[in-house]
Amino acid sequence: MTFSLHPTYDDPHTAGLVDRLRDYLDGELADYERERGLTHASRLTRADLEPVWRRSRELGFYGIHLPEEYGGQNLGYTQLAALKEEIGASGRVLSHSVLGDMGGPLRAGDILKHATEHQLDKYLLPLIRGERACCFSLTEADAGSDVRSMRTVAVREGDGYRLTGHKVFSSAGPFADFAIVVARMAGTGEQPGEKPLFSAFLVELDSPGCRVEDGATPMSGEHIESDIVLEDCYVPAANLLGEEGKGMRIALGRVTTNRLLHCPTVLGATRRALALTLDRSRTRKVAGGQPLLMLQAIQHKIADMATEFYAARSMTYAALAALDAGREVHAEAFMCKLFVAESAFRILDEAVQIHGKEGLTQGNEIEYLFRKIRMFRILTGTSEIQRNGIAKLLAFNH
């Protein structure tokens with residue numbers, strides 16, 4: 001893999017998909033956002049997103065990773081990563097809705113294989129078609145990295161369950177029709193040494209006892225999070241996802257793959273920041289009228305930024321290629337998440353420094369990207385959690 005801020009691909013199919021995606025992101029979608037006056041700080045509505053879901057589905061991008069039986073192209077992980085990188089590099093406000101990250105097929109995760117025919121027909125197939133949307137509700141205020149300390153409880157009642165609890169950071173919650181909720185089965189894990197059992201449920205968000213509240217606004221300034229408050233909310237047994245007591249396995253079943261697949265989107269955003277910084281340093285004049293880029297101190301900063309980006313991108317795609325080849329990449333996934341998060345943050349920090357006052361100004365894209373990238377050192381597992389995972393695997397497997 002060679003270094004490039006506009007990567008090309010040897011595989012003709014991947015190259016064609018990337019070209020078509022770039023055309024859509026930079027053309028039709030950019031025009032759509034401009035017409036609606038959308039920014040990263042806008043309070044998006046379902047009306048903003050639904051046309052993008054439908055159009056992306058028409059173009060073949062929405063759910064493109066899925067098997068052909070669900071209208072996808074059964075993409076390999078490396079192919080999907082190439083598309084996710086372009087999503088991150090586009091700078092589009094609604095790019096998260098093109099492949100289905102925002103409430104769509106990518107948000108639902110790998111739950112199709114756990115779904116009954118009823119659940120497919122009522123929830124997941126409409127979601128794949130862009131007719132319905134979901135959010136994933138696992139995290140609680142005191143159950144982040146340690147999700148097994150969650151307090152949301154499911155109590156069996158007749159031919160169903162009563163759920164009570166408070167979920168936070170449910171991405172896509174403001175636009176969702178239903179949530180995939182993980183809850184602890186009542187009566188389990190209450191005694192010292194007793195293992196708690198968790199189940200996963202499909203919960204209609206307009207059900208009695210279910211309330212969607214505005215979530216905390218993250219430092220990125222995006223309004224895409226909700227709290228899901230459950231107060232004795234009845235869920236029929238038909239909405240139990242998979243087997244009772246297997247909910248955590250369903251929730252975390254693709255954790256290694258998902259950890260890796262978050263990295264290309266961040267790499268794309270980092271690539272964009274590097275390109276913007278190069279443009280800025282070429283056009284910004286300093287004393288004597290010469291471009292900023294002529295200063296050796298700036299040249300060295302940009303050289304280091306590009307080198308870190310190349311290293312992070314190379315290791316990520318190497319791990320994805322191994323995953324495509326059927327090999328286990330548990331340690332590599334931890335390593336990629338750690339290195340991509342930390343190196344991307346360092347690159348964005350230098351980008352702000354090179355932009356000077358402009359990099360500190362709200363409304364400047366570099367300032368937004370800095371805040372967005374900073375979050376990745378915590379989201380989907382903190383850097384400390386990744387280090388723990390690496391050390392544990394090295395200690396016991398080598």
Side-chain angles (χ1 to χ4, degrees), residues 40-50 93-94 96-97 100-104 106-109 111 123 127 132-155 160-186 196 198-235 239-241 247-248 250-252 255 258 262 371-372 374-382 385:
H40 291 290
S42 297
R43 277 196 178 271
L44 302 175
T45 67
R46 182 73 174 252
D48 294 320
L49 272 61
E50 281 186 341
V93 176
L94 299 179
H96 50 47
S97 293
D101 274 298
M102 187 53 61
L106 281 174
R107 175 61 54 186
I111 65 171
Y123 295 100
L127 178 139
R132 303 197 80 189
C134 77
C135 63
F136 188 76
S137 297
L138 177 66
T139 304
E140 299 179 10
D142 296 319
S145 296
D146 181 18
V147 294
R148 287 175 172 79
S149 64
M150 71 171 61
R151 297 179 180 178
T152 299
V153 172
V155 178
Y161 303 84
R162 293 280 179 182
L163 270 60
T164 299
H166 189 148
K167 299 293 186 177
V168 300
F169 291 122
S170 294
S171 297
F175 326 108
D177 301 291
F178 65 95
I180 302 165
V181 176
V182 179
R184 177 175 59 83
M185 297 304 300
F198 301 91
S199 297
F201 303 90
L202 299 171
V203 179
E204 295 276 4
L205 293 179
D206 61 356
S207 299
C210 179
R211 191 168 71 252
V212 180
E213 298 182 346
D214 282 347
T217 302
M219 67 187 296
S220 66
E222 298 166 295
H223 301 284
I224 58 174
E225 310 284 351
S226 284
D227 286 10
I228 307 298
V229 182
L230 303 161
E231 297 175 341
D232 202 32
C233 176
Y234 182 77
V235 178
N239 285 25
L240 173 69
L241 191 59
M248 195 61 71
I250 293 172
L252 304 179
V255 66
N258 288 339
H262 282 300
R371 290 184 281 116
K372 181 75 171 176
R374 178 59 183 86
M375 293 169 59
F376 191 58
R377 295 173 67 201
I378 293 176
L379 297 179
T380 71
T382 66
I385 291 291

Partner set under side-chain hydrogen bond (donor to acceptor under 3.5 Å, both in side chains) for Asp177, not counting sequence neighbours: Arg46
Minimum heavy-atom distance between Cys135 and Ile228, given as atom pair plus value: SG-CD1, 4.3 Å
Residue pair Ser199 / Leu240, side-chain heavy-atom distance below 4.5 Å: yes
Residue pair Phe175 / Ala133: nearest heavy atoms and the distance that separates them: O-CB, 3.7 Å
Validation row: Val93, Ser42 side chains within 4.5 angstrom (heavy atoms): no
Minimal non-hydrogen separation, Ser226 against Val212, with atom names: OG-CG1, 3.6 Å
Test item: Tyr161 and Val155 side chains (from C-beta on) under 4.5 Å apart, heavy atoms: no
Between CG on residue Leu163 and OH on residue Tyr234, distance to nearest 0.5 Å: 11.5 Å
Heavy-atom check, side chain of His96 versus side chain of Leu94, under 4.5 Å: yes
Nearest-0.5 Å distance, CG of residue Leu44 to CD1 of residue Ile224: 8.5 Å
Sub-4.5 Å side-chain heavy-atom contact between Met248 and Met150: yes
Salt bridge (charged side-chain N to carboxylate O under 4.0 Å, His left out) against Arg211, all qualifying residues, sequence neighbours excluded: Glu213, Glu231
Where Met102 and Ser97 come nearest, the two heavy atoms and their spacing: CB-OG, 3.7 Å
side-chain hydrogen bond (donor to acceptor under 3.5 Å, both in side chains) involving Ser220 - partner list, sequence neighbours excluded: Glu222
Residues in salt bridge (charged side-chain N to carboxylate O under 4.0 Å, His left out) contact with Arg162, at least two apart in sequence or another chain: Glu157
Student check: side-chain heavy atoms of Glu225 and Thr217 closer than 4.5 Å: no
Side chain Lys167, main chain Val182, donor-acceptor under 3.5 Å: yes
Spacing of Leu127 atom CG and Phe178 atom CZ [to the nearest 0.5 Å]: 5.0 Å
Minimum side-chain heavy-atom gap Val153-Thr164 below 4.5 Å: no
Test log, rule side chain to side chain contact (heavy atoms under 4.5 Å, CB included), inputs Met219 and Ile378: CA-CA 12 Å; Met219 67 187 296; Ile378 293 176; over 6 Å; no
His262: side-chain hydrogen bond (donor to acceptor under 3.5 Å, both in side chains) partners, not counting sequence neighbours: none
Within-4.5 Å side-chain heavy-atom neighbours: Asn258 and Thr380: no
Separation between CG of Leu241 and CD1 of Ile180, rounded to the nearest 0.5 Å: 7.0 Å
Atom pair SG (Cys134) and CD1 (Ile111), whose distance is rounded to the nearest 0.5 Å: 6.0 Å
Residues forming a side-chain hydrogen bond (donor to acceptor under 3.5 Å, both in side chains) with His166, sequence neighbours excluded: Asp227
Distance-only donor-acceptor check, side chains Tyr123 and Asn239, under 3.5 Å: yes
Reference residue Leu205; test side chain to side chain contact (heavy atoms under 4.5 Å, CB included); the match among Cys210, Cys233, Ser137, Ser170: Cys210
OG1 on Thr152 to CZ on Arg184, rounded to 0.5 Å: 9.5 Å
